[in-house]
Amino acid sequence: LWQDGNHSFTGTAGYEQTCGPHADFYTVTPFVCTNTPIQFKDNSTNAVPTSWAWSFEGGNPATSTDQNPTVTFADPGDHAVTLTCGNDYGSNSITKQHAIKIGSGWSEVDGLLNEPFDNLAAFQNWPNVNYENNDSYWGWNSQVGHFAPGCAELNASNTYTLVQDGFVPNGFKDKDLLLTPTMDLSQVSSIQFSFWYAYASRTSSSADITESLEVYSSTDCGKNWLLRKTLSGPALVTAGVASAGYAPANSDWRQVLVSLPPTLKTNHVRLKFEFTSGLYSNDIFLDDVNILGTVGIHEQTQSASMIL
């Protein structure tokens, strides 16, 4: 271990490799309301950076040389962020076009949420997150649906490749998120959240059905979340056992109704579906997502004026 050849091979004791960093970054709060402070964190690899140059589309500040800057955004929508980092041996840049999603100060839904996902444009109003950046992600399916063709689909059967199955660490879970637009529920009482879903497992062993679907709520555009409903294990399955990429039949769909507390009678509300996959995950389908409740006089008048 003390010989020069070993030092050279391991890059120690005077034989350290000289190279520039590979830029990367993240934020733990990618969904917030306008003018909410967000900290971006340098996550660069390959070498230690000694300089950072950030650029924030629509941000305040618009640029920064801090390693982990804090920024606010006044305008709702997606915002691009660029990081260029470097050291004495090189520099590298990365731009993430949808690094942050700022919720609006008004409702992004006309009236109460009633989403049948009957076209691609409707689905694209729902933010989604693919944490692993793999081939398993939320998309729109034009061929199947609950009452009519068109639904949201997570192709979770693509979570693991054959190579990954051989090396995936025990307990590893791939998570994919699908979020509602921001909503104003301040004039709604007795709030309930309703949705239909279909899911078939790829294994007949109950012990191997480890995937889950969870529903969360937020009152600050998605910065903080509270768990409202969990469907997991065999209780998640609506359609028995099927091979990867199955298409649900009419009888495979199941309705879920979640009563929400009065604390959600406010503005800046989002709801979130979070699917956690397992080694035998299959595709899951969501459709006819609705907010139910009693609407107050103020909102009824507002809706009537919009219709006129």
Side-chain angles (χ1 to χ4, degrees), residues 26-34 36 38 76 78 98-104 107-109 112-115 117 122-132 136-139 151-154 156 159 171-186 188-199 210-233 235-236 238 254-278 281 284-293:
Y26 69 94
T27 175
V28 296
T29 54
F31 300 96
V32 297
C33 297
T34 54
T36 300
I38 308 161
D78 293 338
H98 307 285
I100 192 77
K101 178 78 171 183
I102 306 298
S104 63
S107 179
E108 297 172 341
V109 176
L112 294 181
L113 179 68
N114 178 17
E115 185 53 77
F117 294 115
F123 171 79
Q124 290 175 334
N125 288 327
W126 289 55
N128 62 86
V129 179
N130 177 8
Y131 277 127
E132 298 299 320
S136 172
Y137 52 86
W138 287 99
C151 69
E153 176 190 1
L154 173 65
T159 297
F172 173 81
K173 302 289 185 180
D174 180 31
K175 292 182 182 292
D176 292 276
L177 314 182
L178 182 66
L179 284 70
T180 68
T182 56
M183 298 174 286
D184 183 354
L185 302 181
S186 60
V188 185
S189 301
S190 303
I191 307 170
Q192 291 184 306
F193 184 53
S194 170
F195 63 93
W196 291 79
Y197 82 99
Y199 186 71
T210 59
E211 50 269 33
S212 65
L213 179 67
E214 295 176 319
V215 176
Y216 291 81
S217 69
S218 170
T219 56
D220 52 12
C221 302
K223 182 179 180 181
N224 297 288
W225 298 95
L226 289 174
L227 179 64
R228 299 302 181 188
K229 182 71 175 181
T230 299
L231 301 167
S232 61
L236 175 66
T238 69
R254 179 185 299 169
Q255 185 183 28
V256 177
L257 193 63
V258 183
S259 295
L260 300 175
T263 53
L264 266 70
K265 189 178 178 180
T266 185
N267 199 356
H268 303 136
V269 175
R270 278 195 196 274
L271 295 168
K272 173 179 71 172
F273 293 100
E274 179 173 302
F275 186 84
T276 302
S277 65
S281 295
I284 187 168
F285 303 83
L286 285 174
D287 205 358
D288 293 321
V289 184
N290 297 297
I291 289 287
L292 309 173

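Below, each value reflects all heavy atoms present in this structure, side chains not excepted, and no hydrogens, waters or symmetry copies. Only a predicted model underlies this, so the values are computations on that prediction, with no experimental measurement involved.
The two residues A235 and R254 have their closest heavy-atom pair at O-NH1, 3.1 Å. Residues K272 and W225 come closest through the heavy atom pair CB-CZ3, 3.4 Å. Residues A152 and L178 approach most closely at CB-CD2, 4.0 Å, considering heavy atoms. Annotation for V109 and P181: closest pair CG2-CB, 4.0 Å, computed over non-hydrogen atoms. When all heavy atoms of F117 and L286 are compared, the pair lying nearest together is CD1-O, 3.9 Å. The nearest pair of heavy atoms linking A156 to S281 is O-CB, 3.6 Å.
Annotation: side chain of D176 is not in contact with side chain of N128 (no heavy-atom distance under 4.5 Å). Taking 4.5 Å as the limit, some side-chain heavy atom of S136 sits within range of a side-chain heavy atom of D174. Annotation: side chain of L271 is in contact with side chain of I291 (closest heavy-atom distance under 4.5 Å). L113 places a side-chain heavy atom less than 4.5 Å from the side chain of T180. Put simply, the side chain of R228 reaches to within 4.5 Å of the side chain of L260, judged on heavy atoms. The shortest distance between side-chain heavy atoms of I191 and L185 falls below 4.5 Å. S189 is listed as a side-chain neighbour of K265, based on a closest heavy-atom distance under 4.5 Å. Between K229 and V256 there is a side-chain heavy-atom pair separated by less than 4.5 Å.
In summary, the side chains of T36 and K223 do not present any donor paired with an acceptor at a separation below 3.5 Å, with no hydrogens or angles considered. Side chains of H268 and D220: a donor-acceptor N/O pair is absent below 3.5 angstrom, by distance only. No side-chain N or O of E211 forms a donor-acceptor pair with one of T276 less than 3.5 Å apart.
Between F195 and F273, the angle of the ring planes goes over 60°, which puts this pair in the perpendicular group of the 30/60° scheme.
Side-chain N or O atoms of E108 include one that pairs as donor or acceptor with a backbone N or O of T182 at under 3.5 Å. T238 contributes a side-chain N or O that, together with a main-chain N or O of Y199, makes up a donor-acceptor pair within less than 3.5 Å. Of the possible polar contacts, none joining the T29 side chain to the F31 backbone as a donor-acceptor pair under 3.5 Å is found. Of the possible donor and acceptor atoms, none in the side chain of N290 sits under 3.5 Å from a partner among the backbone N and O of L292.
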- request: Take I284 and W138, measure what side chain to side chain contact (heavy atoms under 4.5 Å, CB included) needs, and give me the verdict at the end.
  value: CA-CA 9 Å; I284 187 168; W138 287 99; 4.0 Å; yes
message: Assess the residue pair V215 and F193 against the criterion (side chain to side chain contact (heavy atoms under 4.5 Å, CB included)); give the C-alpha distance rounded to whole Å, side-chain angles, the decisive distance to 0.1 Å, and a yes or no.
response: CA-CA 10 Å; V215 176; F193 184 53; 3.8 Å; yes
- prompt: What do the steps show when you test Y197 against L231 for side chain to side chain contact (heavy atoms under 4.5 Å, CB included), and what is the final call?
  reply: CA-CA 11 Å; Y197 82 99; L231 301 167; 3.7 Å; yes
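Taking CD1 from I100 and CG from D78, the interatomic distance works out to 9.5 Å, rounded to the nearest 0.5 Å. The distance from atom CG of N267 to atom OG1 of T219, rounded to the nearest 0.5 Å, is 10.0 Å. If you take CZ on R270 and CG on L264, they are separated by 13.5 Å, rounding to the nearest 0.5 Å.
For W196 and F285, the ring centers are positioned 6.0 Å apart or more.
In F123, the CZ atom is crowded: over 12 heavy atoms of neighbouring residues, nucleotides or ligands sit closer than 6.0 Å.
The side-chain hydrogen bond (donor to acceptor under 3.5 Å, both in side chains) test applied to E214 returns Y216, not counting sequence neighbours.
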